[in-house]
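Worksheet for the structure shown next.
When a ligand or atom number is given, it counts from 1 through the structure's own listing order.
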Amino acid sequence: MAMQFTNESLSSLTADWLVLGLAESAPLSASITELDQTLGGLLSRLIESEDFTGKAGTTTTLLGITEIKTPRILLVGLGTAESISLASLEKAMTTAARSISSKPDTSIVVALPELEKSSLSTEQFATVISASMIVGAVGQDLYRKEAARFPFQQITIAGSGEAAECQQAVDRGTILGESINLAREMVNRHAGDIFPISFADRVVEVAKSTGLEAEILDENQLKQEKMGSMLGVAQGSDQPARLAILKYQGADPSAPTLALVGKGVTFDSGGLSLKPSDGMKTMKCDMGGAAAVLGAMNAIAQLKLPVNVIGYMGLVENMVNGSSYKLGDVLTARNGKTIEVLNTDAEGRLVLADVLSFAVDRGASNIIDLATLTGACVVALGEEVTGVFANQADWSKAVQDAAKASGEDVWEMPMFPQFADQLKSDVADLKNVGTRWGGAITAAKFLENFVSETPWVHLDIAGPAFASANAPHREGGGTGCMVKTLVQVAAQYGSTK
Ligand code: BES
Ligand code: MN
Ligand code: ZN
């Protein structure tokens with residue numbers, strides 16, 4: 001797929017579709033006014049008659065256009081110029097992409113909005129639009145005989161901005177969009193396709209294509225590394241565990257290292273604390289944290305950010321067999337702490353415990369972990385908001401700022417010491433579950449035991465990682481959530497450290 005920026009006028013460009021994002025009750029920009037004149041005033045008549053209002057998320061299709069070289073026009077409402085945010089723009093543009101991507105080999109021209117009253121820069125428009133065209137045109141067709149959606153064959157972004165800068169913004173959007181789609185694909189592949197070994201194979205492929213350094217630890221190496229907590233979970237599966245590591249060195253070796261740690265439970269049956277059918281249906285998504293790490297590393301490498309980042313993906317399947325870990329088992333984690341297992345479905349924290357200590361031991365300066373960790377977080381924050389949990393306020397703020405700058409919604413939860421009381425065990429240093437109350441927080445308090453003093457943020461993405469149904473702006477299934485935020489954290493990390 002080729003994505004290009006051009007300064008050429010909208011009426012001179014050839015493609016199957018012209019996509020025009022128009023704001024509500026805003027004057028038409030110079031380039032749209034020129035186009036309107038070429039179209040004999042069609043656009044201004046539609047606006048005048050309120051057949052098209054520019055309300056956010058609305059679309060109007062115009063077919064059989066003969067005056068210009070794009071026979072179809074899609075008008076996309078952006079809302080008022082003042083109200084446009086990264087998130088609302090993305091919603092409008094993915095809605096647009098979804099509505100015109102049902103045929104193969106489609107070429108499109110997208111006009112860059114020129115809105116004086118918008119707080120977004122031309123480059124921000126270019127990046128979001130490019131990424132959205134790539135994300136919105138890919139559906140859940142991996143296993144269908146006939147696809148319902150097709151990536152665009154050619155995308156041209158047209159506007160009057162400074163060409164080199166806009167092309168750079170478009171390239172950045174392309175990389176982000178493709179990296180989000182990589183994370184989505186990993187989540188959307190069923191657990192027969194993506195299990196620890198095949199996930200690790202994919203990690204190695206990404207390393208080859210991006211120049212990242214990959215390291216895969218197999219079950220024997222994990223044993224040598226004393227990862228008894230993670231291996232406890234893996235015990236009940238015929239699929240052996242893996243720890244996949246991707247290293248990116250974009251700065252001096254003496255510069256600080258950002259560690260990204262992902263929960264990679266390729267299927268979560270619950271283990272002996274078996275999930276009911278309904279709760280298990282979507283549990284191929286339980287590697288969404290590891291998928292976000294993979295997507296982010298892919299983007300960070302391609303963007304050549306001036307920063308050192310290591311991605312750690314803890315890969316296991318939580319299953320039931322004759323060797324399954326059992327309730328009452330006491331596991332010894334890599335850092336020596338012992339854990340009484342009282343629910344085998346609280347497996348994510350057991351995996352992360354060892355991977356977090358490993359990241360600390362390998363010299364992480366700052367850590368972010370991502371995990372589809374608790375249903376309780378979805379109860380607390382809903383399906384679209386990521387829970388933030390941290391042991392250090394500055395680092396938490398840095399991550400939240402990056403989420404804001406990426407248009408992803410996050411909300412910080414308290415980490416009061418008394419929540420840790422729920423994790424006291426009669427027989428071990430910790431137990432792996434607390435009570436029903438504050439379950440997302442007790443999970444985070446559990447993890448805190450494994451990061452030493454390293455500034456650490458835990459992102460619970462149990463809600464946003466997987467969408468249960470299609471929406472106009474988004475295909476159901478894996479969402480690729482937090483890829484953009486992680487890339488933004490890395491970009492900021494490079495500029496401040
Ligand atoms: N993978 C689940 C959490 C989850 C739930 C992710 C819904 C996505 C959607 C996790 O391993 C789990 O089972 N958590 C338990 C913890 C409990 C046993 C303390 C839960 O949330 O019920
Ligand atoms: Mn579970
Ligand atoms: Zn899980």
Side-chain angles (χ1 to χ4, degrees), residues 187-188 191 194-196 199 229-230 232-237 241 261-292 313-320 324-327 329 339-355 369-387 389 413 419-420 422-423 425 430-447 458-469 476-479 481-482:
V187 170
N188 285 340
I194 294 289
F195 41 91
F199 192 118
S229 179
M230 171 166 170
V233 179
Q235 226 168 272
S237 172
V261 173
K263 170 179 172 181
V265 175
T266 57
F267 188 74
D268 182 10
S269 74
L272 287 173
S273 311
L274 196 67
K275 286 183 185 294
S277 235
D278 268 345
M280 207 189 292
K281 278 180 191 164
T282 60
M283 280 303 131
K284 67 173 183 182
C285 82
D286 215 18
M287 30 57 75
M313 290 149 275
L315 305 168
V316 298
E317 220 186 31
N318 188 22
M319 295 290 284
V320 182
S324 288
Y325 76 136
K326 303 172 190 73
L327 285 76
D329 281 3
I339 306 162
E340 182 187 12
V341 176
L342 291 177
N343 191 321
T344 61
D345 198 12
E347 86 297 340
R349 63 197 75 183
L350 299 173
V351 175
L352 288 173
D354 281 339
V355 183
D369 82 66
L370 301 100
T372 47
L373 201 65
T374 65
C377 196
V378 193
V379 173
L381 298 177
E383 291 187 299
E384 314 257 346
V385 178
T386 294
F389 307 79
M413 303 285 273
F419 282 99
Q422 290 188 26
L423 298 171
S425 161
L430 289 164
K431 57 183 183 183
N432 79 328
V433 278
T435 67
R436 284 184 62 196
W437 314 117
I441 303 173
T442 47
K445 291 305 277 187
F446 180 93
L447 298 179
H458 157 58
L459 299 175
D460 194 331
I461 56 171
F466 194 86
S468 41
T479 60
C481 80
M482 289 297 127

Point to revise | Heteroatom of D268 nearest to the Mn ion (ligand 2) (N, O or S, atom name) | key: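 D268's closest N, O or S atom to the Mn ion (ligand 2) is named OD2.
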**Study point:** Of all N/O/S atoms in E347, the name of the one nearest the Mn ion (ligand 2)
**Key:**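 Answer by atom name: OE1.
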Let me confirm one number: the [atom1]-[atom2] distance from [X] to [Y], rounded to the nearest 0.5 Å.
X    : Y    : atom1 : atom2 : answer
T266 : F195 : OG1   : CZ    : 8.5 Å
F466 : K281 : CZ    : NZ    : 11.5 Å
K445 : Q422 : NZ    : CD    : 11.5 Å
L430 : I339 : CG    : CD1   : 6.0 Å
Y325 : N432 : OH    : CG    : 6.5 Å
K431 : T442 : NZ    : OG1   : 10.0 Å

**Study point:** Whether V265 has an N, O or S atom under 2.8 Å from the Zn ion (ligand 3)
**Key:**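 Under 2.8 Å: V265 has no N, O or S contact with the Zn ion (ligand 3).
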Check your understanding: Is there a donor-acceptor pair under 3.5 Å between the side chain of D460 and the backbone N or O of L373?
Key ->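 Here the side-chain-to-backbone pair exists.
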**Study point:** Side-chain donor/acceptor of D329 to backbone N/O of K326, under 3.5 Å
**Key:**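 The answer is yes, because a donor-acceptor pair under 3.5 Å joins these two groups.
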Check your understanding: When you check the gap from the basic side-chain N to the acidic O, do D345 and K275 get nearer than 4.0 Å?
Key ->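 Yes.
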**Study point:** Carboxylate-amine/guanidinium contact K284 E317, below 4.0 Å
**Key:**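 No, this pair does not count.
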Suppose we measure from [atom] to each protein heavy atom; which comes out shortest, and what is that distance?
atom                    : value
atom 14 (N) of ligand 1 : L373 O, 3.4 Å
atom 12 (C) of ligand 1 : D345 O, 3.2 Å
atom 19 (C) of ligand 1 : V433 CG1, 3.4 Å
atom 16 (C) of ligand 1 : R349 NH2, 3.9 Å
atom 2 (C) of ligand 1  : D268 OD2, 3.6 Å
atom 7 (C) of ligand 1  : M283 CE, 3.8 Å
atom 20 (C) of ligand 1 : G375 N, 3.9 Å

Point to revise | Options I461, T372, T344, V378, ranked by nearest heavy atom to atom 6 (C) of ligand 1, top entry | key: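 Comparing heavy atoms across I461, T372, T344, V378, the nearest one to atom 6 (C) of ligand 1 lies in T372.
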Practice item. Give the atom name of whichever N/O/S atom in E347 sits closest to the Zn ion (ligand 3). Key: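 The nearest such atom is OE2.
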Review point. The Zn ion (ligand 3) is nearest to which N, O or S atom of D268?
Key: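 Going through the N, O and S atoms of D268 one by one, OD2 ends up nearest to the Zn ion (ligand 3).
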Just heavy atoms, cut-off under 4.0 Å: does [X] contact ligand 1 by side chain, backbone, both, or neither?
X    : answer
V265 : neither
N343 : side chain
M287 : neither
K263 : side chain

Point to revise | OD2 (D286) - the Zn ion (ligand 3) - NZ (K263) angle, nearest 10° | key: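 Seen from the Zn ion (ligand 3), OD2 and NZ are separated by roughly 90°.
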Review point. Could you go step by step and tell me if S273 and N343 meet the side-chain hydrogen bond (donor to acceptor under 3.5 Å, both in side chains) rule?
Key: CA-CA 6 Å; S273 311; N343 191 321; 3.3 Å; yes
Exercise for review: Let me see the working for K263 and D369 under salt bridge (Lys or Arg N to Asp or Glu O under 4.0 Å), right down to the final yes or no.
Suggested key: CA-CA 8 Å; K263 170 179 172 181; D369 82 66; over 6 Å; no
Check your understanding: Which ligand 1 atoms are under 4.0 Å away from a heavy-atom of E347?
Key ->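 With E347 as reference, the close atoms of ligand 1 come out as 11 (O).
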Point to revise | Under-4.0 Å protein heavy-atom contact, atom 22 (O) of ligand 1 | key: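 Flag for atom 22 (O) of ligand 1 set to false, no protein heavy atom closer than 4.0 Å.
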Check your understanding: Under 3.5 Å, is there a donor-acceptor pair linking the side chains of S269 and N318?
Key ->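 Not at all, the side chains of S269 and N318 share no donor-acceptor pair under 3.5 Å.
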**Study point:** the Mn ion (ligand 2) to nearest N/O/S of D286 less than 2.8 Å
**Key:**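 No.
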